[in-house]
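Report on the following structure.
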2 protein chains.
Amino acid sequence: MDSRSKILNAASQLFLEGGGSALSVRAISKRAGLSTIGIYSHFQGKQGILDALYIEGFNLVREAMDVVPEGRATKAQVLQSCLGYLNVGEQHEAHYRLIFGESDAGYQPSEEAIAARNSAFSKLVRVAGSYLPDSSSPAERRQIALDVWAIVHGYVSISHHVTLSNDSDLDWKAMAIRVVDVQLDAARECFESVPDKI
Amino acid sequence: MDSRSKILNAASQLFLEGGGSALSVRAISKRAGLSTIGIYSHFQGKQGILDALYIEGFNLVREAMDVVPEGRATKAQVLQSCLGYLNVGEQHEAHYRLIFGESDAGYQPSEEAIAARNSAFSKLVRVAGSYLPDSSSPAERRQIALDVWAIVHGYVSISHHVTLSNDSDLDWKAMAIRVVDVQLDAARECFESVPDKI
DNA sequence: TTCTAGTATATAACACTGTTATACATCAAA
DNA sequence: TTTGATGTATAACAGTGTTATATACTAGAA
């Protein structure tokens, strides 16, 4: 295995084990059995490592939402896609926190990393938008996608920061799905009302 | 002015100017014209400084939502309270990011800080819950409050991390209010349906 | 007034962080 | 064999939070 792969593997391991605070340059190089210098020759320092993990995180999100076929989608399919997002937020907390700047206050995603983020959002736009009538504009599709994103992200983020209640049976993922469900209905009513009246 | 106040003022200034990354122990003490040691005698180190700012942040949120009188509230009043929350997210970004762990990955709020958070959430429960019928249970009130919190937080958080669109006229606060509006109607219908059928 | 106790402040150091200048080793091509 | 380039290691620099030690100052008692 080449040094670049060794470093990336070591970084992923440490990140999964201890989150962003466990990701020091020296810890990575020690785990990889190499010197610190490789992180600066193979990557652009710690920024490069974080970029790689950031991209990995958004790829997880994009793949988790990728359960809807091309063309029109049913509401159940859209909600399934949201559930995929919520599962990533639950199961890959470290990656998710990195995406929203909770792992390293100084980290700013590179252009490539932002491209990965936009790619995931495009997926969301297509999925959420595919529930709207064919007459809907791109702006309307982006609108509903942004609404869905804000809602599911809100629940994921709060679930990470607050022990939600004494009742451990409180299912925040189901709550998020229910809110999205209501919102999808509202959006469809709103956007369909005009054509219906013709 | 005593040393404790000097330190807290200096910390607030630096935090507002440059966010969490500008908050180093040495920078605070330099700004305050004192030695670093005061931060450890008057506060519990950097943790203590962050606690003070964390509490300040949640007090801002609680006060911003405090526009609803005791007893039953109109929907407009609830939405006004949400707008207060959204304004804090917009105007006090540094405090808001600290609350959600985006300023210092290692920071864990103390008991006192968590009490301030719970106090703000209690306010939200009372406000959002006051829109429900009197027959609603405490669990239902906490439920709708958590929904509202997740929604408004979702928009605030995303507005901090993504340049939302090419269209700068995209008003994410109005979007959040609209989603909360829809959700309040849905919740009221849901909880009122049973008594209606009696 | 002088001595003492206790508190507040300052200095310097420790262990850590990301980063980089320098030096060394390895290997392919001339 | 020599040259050049590439990859790696060591050590250092500037920064971080923290703390042990030493100093100053102030209040109260003899």
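Order of the sequence lines sets the chain letters (A, B, ...), proteins ahead of strands, with each chain counted from 1.
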Notebook entry, point to check: Under 3.5 Å, is there a donor-acceptor pair linking the side chains of B/E63 and B/N59?
Noted result: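 Judged by distance alone, the side chains do not pair up.
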
Margin query: Of all nucleotides in DNA chain C that come within under 4.0 Å of a heavy atom of chain A, which is furthest toward the 5' end and which toward the 3' end?
Written below: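 Contact span on the strand: C/dT17 to C/dA21.
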
[atom1] of [X] versus [atom2] of [N]: gap in Å, rounded?
X	N	atom1	atom2	value
A/K30	D/dT10	NZ	P	14 Å
B/K46	D/dT16	NZ	C1'	8 Å
B/I28	D/dT16	CD1	P	11 Å

Notebook entry, point to check: Can you name the ring pair (Phe, Tyr, Trp, His ring centres under 6.0 Å) partners of A/H95, sequence neighbours left out?
Noted result: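 Scan of A/H95 (ring pair (Phe, Tyr, Trp, His ring centres under 6.0 Å), adjacent residues dropped) gives A/F15.
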
Item checked: For DNA chain D, the residues among residues 31-38 of chain A that have a non-hydrogen atom under 4.0 Å from it ->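 Output list: A/L34, A/S35, A/I37.
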
Next item on the list: Specify the residues of residues 13-26 of chain B, ordered by number, for which at least one heavy atom lies under 4.0 angstrom from an atom of DNA chain D.
Entry: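 By residue number: B/L23, B/S24, B/V25, B/R26.
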
Contacts of type side-chain hydrogen bond (donor to acceptor under 3.5 Å, both in side chains), residue [X], not counting sequence neighbours:
X	result
B/Y96	B/Y85, B/H153
B/K173	B/N87, B/E90
B/R126	none
B/D134	none

Note to self: Measuring only between side-chain heavy atoms, which start at C-beta, is B/C82 closer than 4.5 Å to B/I177?
What the structure shows: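 Yes, their side chains come closer than 4.5 Å.
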
Check: So, do A/F121 and A/F58 have ring centers that fall under 6.0 Å from each other?
Finding: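 Here the rings of A/F58 and A/F121 have centres that are no less than 6.0 Å from each other.
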
Note to self: Quick check against the 3.5 Å criterion: does B/S81 have a side-chain atom that pairs as donor or acceptor with the backbone of B/M65?
What the structure shows: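 The answer is yes, because a donor-acceptor pair under 3.5 Å joins these two groups.
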
Next item on the list: Give a yes or no on whether the backbone of A/M1 and the side-chain of A/S5 come within a donor-acceptor separation of less than 3.5 Å.
Entry: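 Not confirmed, A/S5 side chain does not pair with A/M1 backbone.
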
Please output the side-chain donor-acceptor pairs of residues 27-37 of chain B that fall under 3.5 Å, not counting sequence neighbours, one pair per line with the distance.
{"residue": "B/S29", "atom": "OG", "partner": "B/V25", "partner atom": "O", "Å": "3.1"}
{"residue": "B/S29", "atom": "OG", "partner": "B/R26", "partner atom": "O", "Å": "2.9"}
{"residue": "B/R31", "atom": "NH1", "partner": "B/Q13", "partner atom": "OE1", "Å": "2.7"}
{"residue": "B/R31", "atom": "NH1", "partner": "B/E17", "partner atom": "OE2", "Å": "3.2"}
{"residue": "B/R31", "atom": "NH2", "partner": "B/E17", "partner atom": "OE1", "Å": "3.1"}

Margin query: By the salt bridge (charged side-chain N to carboxylate O under 4.0 Å, His left out) test, which pairs, at least two apart or in different chains, include something from residues 106-121 of chain A?
Written below: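 Not a single pair qualifies under salt bridge (charged side-chain N to carboxylate O under 4.0 Å, His left out).
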
Margin query: Going by salt bridge (charged side-chain N to carboxylate O under 4.0 Å, His left out), name the pairs with one or both residues in residues 34-55 of chain A, residues two or more places apart or in two chains.
Written below: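 Every pair satisfying salt bridge (charged side-chain N to carboxylate O under 4.0 Å, His left out) with a residue in residues 34-55 of chain A: A/K46-A/D104.
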
Margin query: When the axes are fitted on five pairs at both termini, how much does the helix from C/dT1-D/dA30 to C/dA30-D/dT1 curve, in 10° steps?
Written below: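 Taking the rotation axis at each end, their angle is 30°.
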
